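Here's the structure we're looking at; comments come further down.
As the structure is a computational prediction, the values presented were derived from the model and not from experiment. Each chain gets a letter, A, B and so on, in the order the sequences are listed, and its residues count up from 1. Scope of the values below: all heavy atoms of this structure, side chains included, with no hydrogens, waters or symmetry mates.
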Protein chains: 2
Amino acid sequence: MVSDRGIGPDETNPGLVSAAIQAITQHIRVEGLGPGDLLPSEADMTRKLSVSRTVVREAFRSLSAMRLIDMSAGRRASVAKLDIGAMSMVIEHGVTTEQISVQQVYDVRRTIEMRTVALAALRRTDAEAAEIQKCARLMRENYRAPEIVMEHDIAFHEAIARASHNPVFSLIINAFSGVTRRTWVIGWRTRVTEEEQIKMIEGHADIARAIIAGNPQLAAEHMAAHFDKSVKALIDAGIA
Amino acid sequence: MVSDRGIGPDETNPGLVSAAIQAITQHIRVEGLGPGDLLPSEADMTRKLSVSRTVVREAFRSLSAMRLIDMSAGRRASVAKLDIGAMSMVIEHGVTTEQISVQQVYDVRRTIEMRTVALAALRRTDAEAAEIQKCARLMRENYRAPEIVMEHDIAFHEAIARASHNPVFSLIINAFSGVTRRTWVIGWRTRVTEEEQIKMIEGHADIARAIIAGNPQLAAEHMAAHFDKSVKALIDAGIA
DNA sequence: CAAGAAAACATGTCATACAGGTTTTGGGCA
DNA sequence: TGCCCAAAACCTGTATGACATGTTTTCTTG
């Protein structure tokens, strides 16, 4: 009954659970559900698919782990808002199992952020511009506390991605933030002098200014310079 | 006993299953496991975490759904090779629930493929060059059968991503192929005349030639032209 | 020593039970 | 009638036990 062609994702391996996952995602598609809409209860699905609740539960739980649906006790599952969810798990997995190098992640980030920063310069709202500028300012104000600088650094890049008004960019950048968090300090430490550290922070301010000025070209140039320096710092630190 | 800090991804929501997922991924990290390495059995995990097999199973199943581990009957689970897995599910979910538009996906693809094509021109092996060229040739040879052209088109872009020698690019491009598959025909239909269709196919040949010639700039230009035309075709067809 | 059977182990699925959270229902009171 | 609250119905979270089926290990036997 179930087609064995791998059209939809995840539909390669057999088993009742995969079929149930497929059935649930198909239900979302067919019913045209959007974020927040309720899914059938596990009992309903159990009847509809004629399988045990165990199977249905594992399917729901899998979708929940990917953050495609939200689950909570007592309530029926609902369609989830777009979220990094699985994406960051995949990236983390790739890095920890050494199938992806940190440098490769940075290359992708550079590629994407050259675009988000240009889009942000063109499409940012005033509120978004303020948010970006605020992150840059907080980096400067806390430049003696690396951990805090890092968080604002990450928030800075996420804010730019948001200002690109393309959620896919946000998704991808956010998915990388776990890796960034685990390598950021290494890059920071290679900037031994306070002057170098301040220069790095000022690089962010340059980017922010270009975005606020609505100058995509300049913003992209500053972003490129920023990444080139960051990658160089990582390479100097011996990150392959 | 279980730390409630949400450092790792997915560690926001409570519950024994999330804790188990965390425990398994942590096991992979701590033990330094790589693709193919075996994980503890469900019974082992049940004992180690002092939870029921139900919980452990749902955790394993969730990781399996994300394709972070491989499961099959009778065998213990093993660490999985890098795979689109969850990534494509997230993208599909975003598109079907209308949180992502097709055009946004194409903008991301354009951004990324401008880079992969340049990298491919610089880093491709001869075998990879041949593969890319073969896809372009097969498109031309089958230009009367849209479905077949489409498959070779998708394979063409995936081959370029592979030739970039950065698996993260491959991952992302592959994650988009589901969306591509569902919109490709629409773009094709707007190219009403046979001449236009052939021109589109020739665009791919141009890209392939530039890659083989090792000319990243030219390759990127052809890729940009290709995407601009594709997006225009989709917009003409009314895809928002 | 090799081949094959048996045992041990592993996952896949099902049924049942109960705790605890959420929504619905319905009755009582103003 | 209309509102509030308690009970009931419904739902998910977790545990346990059982059995089928697939895989690996072990041991016997030729």
Open item on the list: Is it the case that over 12 heavy atoms from other parts of the model lie below 6.0 angstrom from the CD atom of B/Glu141?
Closed with: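 Enclosed.
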
Task: First of B/Val51 and B/Ala73 reached from the 5' end of DNA chain D, by closest nucleotide - done: B/Val51

TODO: By nearest nucleotide on DNA chain D, pick out whichever of A/Thr54 and A/Arg75 is the more 5' one.
DONE: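 Result of the comparison: A/Arg75.
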
- [ ] For D/dC10, take OP1 and OP2 only and decide whether either is under 4.0 Å from a side-chain N or O of A/Arg76.
- [x] no

TODO: Report yes if a side-chain nitrogen or oxygen of B/Ser52 is closer than 4.0 Å to either non-bridging phosphate oxygen (OP1 or OP2) of D/dT14; otherwise report no.
DONE: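 For D/dT14, neither OP1 nor OP2 has a side-chain N or O of B/Ser52 closer than 4.0 Å.
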
Can you tell me how far [atom2] of [N] sits from [atom1] of [X], to the nearest Å?
{"X": "A/Ile69", "N": "D/dC11", "atom1": "CD1", "atom2": "C1'", "answer": "14 Å"}
{"X": "A/Asp70", "N": "C/dT22", "atom1": "CG", "atom2": "P", "answer": "15 Å"}
{"X": "A/Arg53", "N": "D/dG13", "atom1": "CZ", "atom2": "C1'", "answer": "7 Å"}
{"X": "A/Arg57", "N": "C/dT13", "atom1": "CZ", "atom2": "P", "answer": "16 Å"}
{"X": "A/Glu58", "N": "D/dT14", "atom1": "CD", "atom2": "P", "answer": "13 Å"}
{"X": "B/Leu63", "N": "C/dT11", "atom1": "CG", "atom2": "P", "answer": "13 Å"}

- [ ] Decide yes or no for B/His93 and A/Arg29: does some side-chain heavy atom of the first lie under 4.5 Å from some side-chain heavy atom of the second?
- [x] no

N/O donor to acceptor pairs below 3.5 angstrom from side-chain atoms of residues 167-178 of chain A, sequence neighbours left out:
from     : atom 1 : to       : atom 2 : distance (Å)
A/Asn174 : ND2    : A/Ser170 : O      : 2.7
A/Ser177 : OG     : A/Asn174 : O      : 2.7

Open item on the list: Is the terminal nitrogen or CZ of A/Arg109 (NZ for Lys, CZ for Arg) located under 6.0 angstrom from the six-membered ring centre of A/Tyr106 and within 45° of that ring's axis?
Closed with: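 Yes, A/Arg109 sits over the ring of A/Tyr106.
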
- [ ] Give a yes-or-no answer on whether the side chains of B/His165 and B/Glu128 include a donor-acceptor pair shorter than 3.5 Å.
- [x] yes

Open item on the list: For B/Gln103 and B/Ser101, which I'm curious about, is there any donor-acceptor pair between the side chains at under 3.5 Å?
Closed with: no

Open item on the list: If I compare all heavy atoms of A/Gly94 with all of B/Leu82, which pair ends up nearest, and what's the gap?
Closed with: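 So the minimum-distance heavy-atom pair works out to CA-CD1, 3.7 Å.
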
Open item on the list: Could you report the tightest heavy-atom contact between A/Arg47 and A/Asp44, atom names first, then the distance?
Closed with: NH2-OD1, 2.8 Å

Task: Close residues, residues 38-49 of chain B, relative to DNA chain C [heavy-atom separation under 4.0 Å] - done: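 Result for residues 38-49 of chain B: B/Ser41, B/Glu42, sorted by number.
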
Open item on the list: Are B/His204 and B/His157 an aromatic pair, judged by ring center distance below 6.0 Å?
Closed with: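 Yes, the ring of B/His157 comes within the 6.0 Å limit of the ring of B/His204, centre to centre.
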
- [ ] Using a 3.5 Å limit on both pairing distances, list the dot-bracket string of DNA chain C from the 5' end; Watson-Crick and G-U wobble pairs count, crossing pairs take [ ], interstrand pairs take |.
- [x] ||||||||||||||||||||||||||||||

Open item on the list: Is it the case that C/dG12 (base atoms only) and B/Arg61 (side chain only) share a donor and an acceptor within less than 3.5 Å, ignoring hydrogens and angles?
Closed with: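 No.
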
